[in-house]
Structures are given as C-alpha cells and as structure tokens.
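Structure, as structure tokens:
Each chain gets a letter, A, B and so on, in the order the sequences are listed, and its residues count up from 1. Predicted model, so just to flag it, every value in this text is computed and none were measured.
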2 protein chains.
Amino acid sequence: MFSKACEYGIRAALFIAQESLNGQRVSLKAITAEIDSPDAFTAKILQLLARNEIIVSTKGPNGGFEIDKKKIDNIMLSEIVDAVDGDSIYKGCGLGLKECNADKPCPLHNRFVLVRNDLKKMLEGTSLFELATGLETGLTFLKR
Amino acid sequence: MFSKACEYGIRAALFIAQESLNGQRVSLKAITAEIDSPDAFTAKILQLLARNEIIVSTKGPNGGFEIDKKKIDNIMLSEIVDAVDGDSIYKGCGLGLKECNADKPCPLHNRFVLVRNDLKKMLEGTSLFELATGLETGLTFLKR
DNA sequence: TTAAATTCGGATAGATTTGTCTTAAATAGA
DNA sequence: TCTATTTAAGACAAATCTATCCGAATTTAA
Ligand code: FES
Ligand code: FES
C-alpha cells in the first residue's frame, strides 16, 4: 500500500507530534528507537519531511526534530504520503494504465475509484493530532 | 497498490477470459500485444496463474492460454491478487508493523481496516466475467 | 520422423527501493 | 575559541522487483 519510506515517515511524524505536544524536541536516535526503524534511512525521510515543512529540524547539541504545536491538528496524513510517495495512490490506475481516465477506463475503474477515493478521504481527513492522542493514552503503538 | 506483476496478471486474465468466452485460446504474443506488457515477464506471471489453476496452458502449435468457460464467473479478482502478490494487501498493517493486530493496534488501525476491508470485499466480489463484459462491449480497455 | 510452434524453467541483467557509511555543516556550551 | 553533539548530504551497497535471454520440453502436423 505505502512504501517503507512512507510507513517510517508517518510513524516518525506521529512520534514527533506526540512529543511536540508535550513540549519535547526529539533526536533521530530517540525516533528510531521508538518506531524501530533503520537510523540512516529514517534520517533521509526526516530530511524530506523537513524540506516539505512538515517538521522542523535543529542541528547541534539538544537538536532534533519537532512540529509546530499549532500545526499538529492541521497536518493531515495525506500531506506526508504525498511528500514521500507522491500522488500515484490518489491518481493512479488500479490496473497500471499510464493514467486513470474515466473517458477510456480500464475494466476495474468504476470499482477501483470508489476504494481509492475512500482511502484519499481517510488520509485527507486524519490529522497527526487525532492519531497522537491514541498514542498518548497508550491505546495505540508505533512498534511491536 | 498492486505490483506490476499483479497488474499484468489481472489484465492478462481478463483478456484470456474474454477470448475464452468466445471459444478462443490465446497465445502469449496475442496477450502481450493486447495488454501492452513485456513478453517474458508476462510469461512468468501466466505460469504462476497456471500453477494456481486459474488459467490453463497448452504447449505446442496452436497452444496458448485459456480459462474454463464455466469457471469464468466464479474466478474472483481476489484469487489473482492473492496468487501474485500474496495476502499482505488483505492482512498487512498500514504503517508497516509486522502484522496487523487489533489487540495492539497502530494509530491508523481503525481507519485503515475500513479501507482495507472495502478493497478486499471489492476484489472478492468482482469476477472475471463481470469485467470481461465491459471489454466485449467496448466500454473498457486493457491498454491506452 | 522431422520440423515448427509454443510454453516452461533457470540464469542473468537492469531498475528501483531500501539501507549504510563517511564527511561536512551547524550549534550549544565549556 | 574549542570541543562535543547533532542533523545534512552525497556516495555507496544490498535487497527486491521488473525484465530479458536462452535452451529444454511438449505438441501438432507435414
Ligand atoms: S482507468 Fe484504471 S482505475 Fe481508472
Ligand atoms: S495494526 Fe496497523 S493497520 Fe492494523
């Protein structure tokens, strides 16, 4: 469904959001320990999220990653997925035709767009804040 | 969403179904011309579908691929996806945890399973026959 | 029986994704 | 200013996915 990079990206963003809500900036090490992901690869993804202004990175001692508190309930999963995986999941044809086109549709088109749009709406309608609360209350987990 | 192999597999199966409904067996060449896919790679996928008894292959002159007419409205897309891509799309965690587990869910679990189950139901509820009719009437297309 | 047509299977190659390593740059604090 | 800490960036490596190549096996038909 999502690439590994995207999975790590979402999990990392959720942890950063959770800690940012508590006023804490977190280091790369803390993130990869929390979400159980490869250090250097995760660092690349965090750079990408920082370049897309989804997270803020700070170098030097006590540096790390954080998210503007005020933005956390305004950052939707769709933004992260789009930054990491692009928009193919929202726009692509289910059977791999070069583009999804209702005027010359593949046989699966009508059924596929229903599911694809549901996924899109779910991602567009879910903020980091909503998911971070479940983490904070211990109801959900970022590794296992 | 699906792998390239799976996309080719579904498109190939649909073309074979359409031709089988017309009593025609089709060669690899005819298939790859119709769905615009790489020959040798497509051949591998067809072998896989044949081993999974979704299609029937015949060697020799006038050989090729076909599907038992009586089975066509009974073969669901889910079988093809499962044969080619496995069941990760039905069972996998959206955030990449080793397994999806409602007892220790990831933050996206509740929302993700809704979409994933819709996708699963769509694939389980769609037969080759249903999609092949759209092809036959010229309403849908396997390449563009 | 021979030749041609066709799929099968294994080896190989290319492309993409995933992951690592090393050095540079920035920053805080002694 | 010096040093330790931390992220940034680019080169590299490994794994996986996609695609190709070639010879073997099977079958039809002359
Ligand atoms: S054309 Fe295939 S999903 Fe729209
Ligand atoms: S645990 Fe992540 S989707 Fe179910």
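Rounding to the nearest 0.5 Å places OG of A/S37 at 7.0 Å from CD1 of A/I45. For the atom pair OG1 of A/T140 and CG of A/L135, the computed distance is 4.0 Å after rounding to the nearest 0.5 Å.
The nucleotide whose nearest atom lies closest to any side-chain atom of A/F65 is, among C/dC8, C/dT18, D/dA8, D/dA8.
Of the residues in residues 8-23 of chain B, not one places a heavy atom less than 4.0 Å from an atom of DNA chain C. Within residues 41-51 of chain B, the residues that have a heavy atom under 4.0 Å from DNA chain D are, in order of number, B/F41, B/K44.
Taking 4.0 Å as the cut-off between side-chain N and carboxylate O, A/E34 and A/K29 do not count as a salt-bridged pair. A salt bridge does not link A/K121 with A/E124: none of the charged nitrogens is closer than 4.0 Å to a carboxylate oxygen. Using a cut-off of 4.0 Å between Lys/Arg side-chain N and Asp/Glu carboxylate O, A/K71 and A/E53 are scored as not salt-bridged.
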(request) Output, in order, the C-alpha distance, side-chain angles, deciding distance and verdict of side-chain contact (heavy atoms from CB on, under 4.5 Å) for A/L21 and A/F129. (result) CA-CA 9 Å; A/L21 286 170; A/F129 182 83; 3.9 Å; yes
(message) Using side-chain hydrogen bond (donor to acceptor under 3.5 Å, both in side chains), reason through A/T126 and B/R111 one step at a time and then give a plain yes or no.
(response) CA-CA 9 Å; A/T126 304; B/R111 301 162 203 249; 3.3 Å; yes
(request) Under the side-chain contact (heavy atoms from CB on, under 4.5 Å) rule, what do B/M122 and B/S78 come out as? Steps first, then yes or no, please. (result) CA-CA 8 Å; B/M122 185 273 275; B/S78 54; over 6 Å; no
(request) Check the pair B/K120, B/I89 against side-chain contact (heavy atoms from CB on, under 4.5 Å), reporting the backbone distance first and the verdict last. (result) CA-CA 8 Å; B/K120 188 180 180 210; B/I89 201 156; over 6 Å; no
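Residue B/I31 is not grouped with residue B/F141 when hydrophobic side chains (ILVMFWY) are merged at heavy-atom distances under 4.5 angstrom, including chains of intermediate members.
Distance, A/L28 CG to C/dA25 C1': 16 Å, rounded to whole Å. Between the P atom of D/dT18 and the CZ atom of B/F2 lies a distance of 13 Å, rounded to the nearest Å. For the pair A/E7 CD and C/dT17 P, the interatomic distance rounds to 14 Å; values are reported in whole Å. At whole-Å resolution of the value, NZ in A/K29 and P in D/dT5 are 9 Å apart.
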Give every pair of a protein N or O atom and an N or O atom of nucleotides 1-4 of chain C that lie under 3.5 Å apart, one pair per line with the distance.
none

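Defined by atom type and a distance below 3.5 Å, a donor-acceptor pair is missing between the side-chain atoms of B/D73 and B/S127.
Between A/K59 and A/C6, it is A/C6 whose nearest contact on DNA chain C lies nearer the 5' terminus. Comparing A/S57 and B/A40, the nucleotide of DNA chain D nearest to each residue sits closer to the 5' end for A/S57.
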